[in-house]
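Atom set for the values below is all heavy atoms of this structure, side chains included, hydrogens, waters and symmetry mates excluded. Read the numbers this way: they start at 1 and go in the same order the structure lists the ligands and their atoms.
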Amino acid sequence: MSVIIAPSLLSANFLHLERDIEMLNRSEADWIHLDIMDGVFVPNISFGFPVINRLKEITNKPLDTHLMIVQPEKFINEIAATGSTYMNVHLETCPHLHRVVQQIRQKGMKPAVTLNPHTPVNLLEDILCDVDMVLIMSVNPGFGGQKFIEHSVQKVARLKEMILRKNASALIEVDGGVNFETAKKLIDAGADALVAGNFVFSSENPIETIRQLKQL
Ligand code: DX5
Ligand code: ZN
């Protein structure tokens, strides 16, 4: 099966958001990745509900929503109302992660847990079987277009081992600095899904770039 590609809307042209989403609709992109930032957990602010709530009117692609905010549990109802398929919360923002994961599932979404670059995968030992996906950050969250942290490849490999050992079904997604070279290494290490922002949207032909990522 080919790798799942989730272009990040953070790198789209916000003056032409409809045009960029229609481009993704015509492409082989599997999901659309939405980066929500609060200026507290990460040093940046992106976009919020007034924008996201209109997206489902113009796309049928599943929405993969990545919350880089403190207390993400406060917004589970609002994220569910956006029609998001996945709700990604950072392990670093959730002292009661197990409860948050159950609440996300109760609202009909697929729970995913996200790890910052410094957070070890072994902290997932007692939550892995409860989540549908683990999102490994391969840059420090907050901005698109950053350099890939090479160590992330080993984290993916270690997480893949843990998933096989526990017979868990969680997908492995990786976010940050994805290009043809890093994508190949991540797929070889066991990644199932890749987020790609800058690499897709700054390329001359984003539809072709997405197609080629899926062929790696
Ligand atoms: C970073 C975001 C990413 C970002 C990836 O905080 O979580 O989703 O948009 O961007 P690229 O692919 O440009 O590194
Ligand atoms: Zn993201």
Side-chain angles (χ1 to χ4, degrees), residues 3-14 17 20-21 23-24 27 29-48 51-52 55 61-70 72 75 79 82 84-94 109-119 131-153 155-156 171-187 191-204 206 209-210 212-214 216:
V3 69
I4 292 163
I5 296 297
S8 165
L9 218 54
L10 192 62
S11 292
N13 182 335
F14 287 179
L17 205 45
D20 283 359
I21 290 169
M23 177 278 290
L24 294 179
S27 78
D30 298 276
W31 305 336
I32 296 179
H33 184 84
L34 303 175
D35 288 304
I36 306 184
M37 306 178 186
D38 65 354
V40 179
F41 178 60
V42 291
N44 199 4
I45 296 176
S46 55
F47 49 82
V51 173
I52 308 170
L55 295 186
K61 302 270 185 192
L63 302 177
D64 172 34
T65 301
H66 175 195
L67 292 168
M68 286 161 273
I69 66 172
V70 297
F75 295 100
I79 299 294
T82 67
S84 291
T85 299
Y86 285 94
M87 177 166 169
N88 295 269
V89 296
H90 273 258
L91 181 141
E92 301 85 4
T93 62
C94 293
M109 295 180 287
K110 297 184 178 191
V113 58
T114 308
L115 301 187
N116 269 340
H118 74 278
T119 304
V131 297
D132 286 42
M133 186 161 76
V134 176
L135 173 54
I136 300 281
M137 290 308 301
S138 43
V139 296
N140 285 294
F143 303 91
Q146 300 183 82
K147 191 176 175 316
F148 181 78
I149 299 171
E150 287 292 335
H151 178 68
S152 319
V153 178
K155 279 179 82 170
V156 170
L171 297 177
I172 302 177
E173 183 177 41
V174 187
D175 185 3
V178 166
N179 55 37
F180 291 139
E181 190 193 334
T182 56
K184 180 81 181 71
K185 292 183 198 171
L186 292 167
I187 294 165
D192 303 290
L194 301 175
V195 176
N198 187 55
F199 188 61
V200 164
F201 283 98
S202 69
S203 73
E204 226 158 79
T209 302
I210 292 167
Q212 289 182 19
L213 279 168
K214 285 197 65 74
L216 289 174

Worksheet item: So which protein heavy atom does atom 10 (O) of ligand 1 come closest to, and at what separation?
Response: Gly144 CA, 3.6 Å

Worksheet, complete the sentence: So the atoms of ligand 1 within less than 4.0 Å of a heavy atom of His66 turn out to be 7 (O)

Discussion item. Evaluate Asn140 for polar contact with ligand 1, using N/O atom pairs at a separation under 3.5 Å.
Written reply: no

Practice prompt. Under 4.0 Å from a heavy atom of His33: give me the atoms of ligand 1 that qualify, with their elements.
Written response: 8 (O)

Item to complete: Report yes if some N/O of Gly142 lies less than 3.5 Å from some N/O of ligand 1; otherwise report no.
Response: yes

Discussion item. When you compare ligand 1 with Gly145, is there at least one nitrogen or oxygen pair between them that comes in under 3.5 angstrom?
Written reply: yes

Practice prompt. Could you tell me the separation between the OG1 atom of Thr82 and the CZ atom of Phe75, rounded to the nearest 0.5 Å?
Written response: 13.0 Å

Worksheet item: Is it the side chain, the backbone, both or neither of Phe199 that has a heavy atom closer than 4.0 Å to ligand 1?
Response: neither

Worksheet entry | Closest protein heavy atom to atom 1 (C) of ligand 1, given as residue, atom name and distance to 0.1 Å | Phe143 O, 3.5 Å

Worksheet item: Should Met68 be counted as touching ligand 1, given the test is an N or O pair under 3.5 Å?
Response: no

Discussion item. Below 30° counts as parallel, above 60° as perpendicular, anything between as tilted: where do the rings of Tyr86 and Trp31 land?
Written reply: tilted

Fill in: Residue, atom name and distance, where the atom is the protein heavy atom closest to atom 3 (C) of ligand 1
Asp175 OD1, 2.9 Å

Worksheet item: Are Phe148 and Leu186 side-chain neighbours, meaning at least one heavy-atom pair lies under 4.5 Å?
Response: yes

Worksheet item: Roughly how far apart are Asp20 CG and Phe14 CZ, rounded to 0.5 Å?
Response: 9.0 Å

Worksheet item: Restricting to N, O or S atoms of His66, which is nearest to the Zn ion (ligand 2)?
Response: ND1

Practice prompt. If you have a sec, read the angle at the Zn ion (ligand 2) from Asp35 atom OD1 over to Asp175 atom OD2, to 10 degrees.
Written response: 170°

Worksheet entry | Asp35-His33 side chain donor-acceptor pair, cut-off 3.5 Å | yes

Worksheet item: Are Phe143 and Asn198 close enough that some pair of their side-chain heavy atoms sits under 4.5 Å apart?
Response: no

Worksheet item: So do the side chains of Leu24 and Leu9 get within less than 4.5 Å of each other, counting heavy atoms only?
Response: yes

Worksheet item: Can you tell if the side chain of Ile69 reaches within under 4.5 Å of the side chain of Ile36, non-hydrogen atoms only?
Response: yes

Worksheet item: Would you say Leu135 and Asp64 make side-chain contact, with heavy atoms under 4.5 Å?
Response: no

Fill in: Nitrogen or oxygen atoms of Asp35 and ligand 1 under 3.5 Å apart
yes

Response to the item:
Per-atom filter on ligand 1: closer than 4.0 angstrom to a heavy atom of Met137 are 7 (O)

Discussion item. Check this for me - ligand 1, Gly197, N or O atoms closer than 3.5 angstrom, yes or no?
Written reply: yes

Worksheet item: Just wondering, are more than 12 heavy atoms of other shown residues or ligands nearer than 6.0 Å to NZ in Lys185?
Response: yes

Worksheet entry | ligand 1 atoms in contact with Asn198 (distance to a heavy atom under 4.0 Å) | 11 (P), 12 (O), 13 (O)

Worksheet item: What protein heavy atom sits nearest atom 14 (O) of ligand 1, and how far away is it?
Response: Gly177 N, 2.8 Å

Discussion item. Under a 3.5 Å distance rule, please check whether Asp132 uses its side chain to pair with a backbone N or O of Ala112 as donor and acceptor.
Written reply: no

Fill in: Donor + acceptor pair across side chains of Ser152, Ser138 (<3.5 Å)
no

Worksheet item: Short list, please: which atoms of ligand 1 are under 4.0 Å from a heavy atom of Leu10?
Response: 9 (O)

Worksheet item: How about Leu67 and Thr93: do any of their side-chain heavy atoms sit closer than 4.5 Å?
Response: no

Worksheet item: With atoms numbered from 1 as shown, which atoms in ligand 1 lie under 4.0 angstrom from a non-hydrogen atom of Gly176?
Response: 14 (O)

Discussion item. Considering non-hydrogen atoms of the protein only, which is the closest contact for atom 9 (O) of ligand 1, and what is the distance?
Written reply: Ser8 OG, 2.9 Å

Fill in: Under 4.0 Å to a heavy atom of Val195 - the qualifying atoms of ligand 1, by number
8 (O)

Worksheet item: Under the side-chain contact (heavy atoms from CB on, under 4.5 Å) criterion, do Asp175 and Thr114 qualify, and how do the steps go?
Response: CA-CA 10 Å; Asp175 185 3; Thr114 308; over 6 Å; no

Worksheet item: Which bit of Ala196 is near ligand 1, meaning a heavy atom under 4.0 Å away: side chain, backbone, both or neither?
Response: backbone

Item to complete: Please could you name the atoms of ligand 1 that Pro141 approaches to less than 4.0 Å, counting only its heavy atoms?
Response: 6 (O)

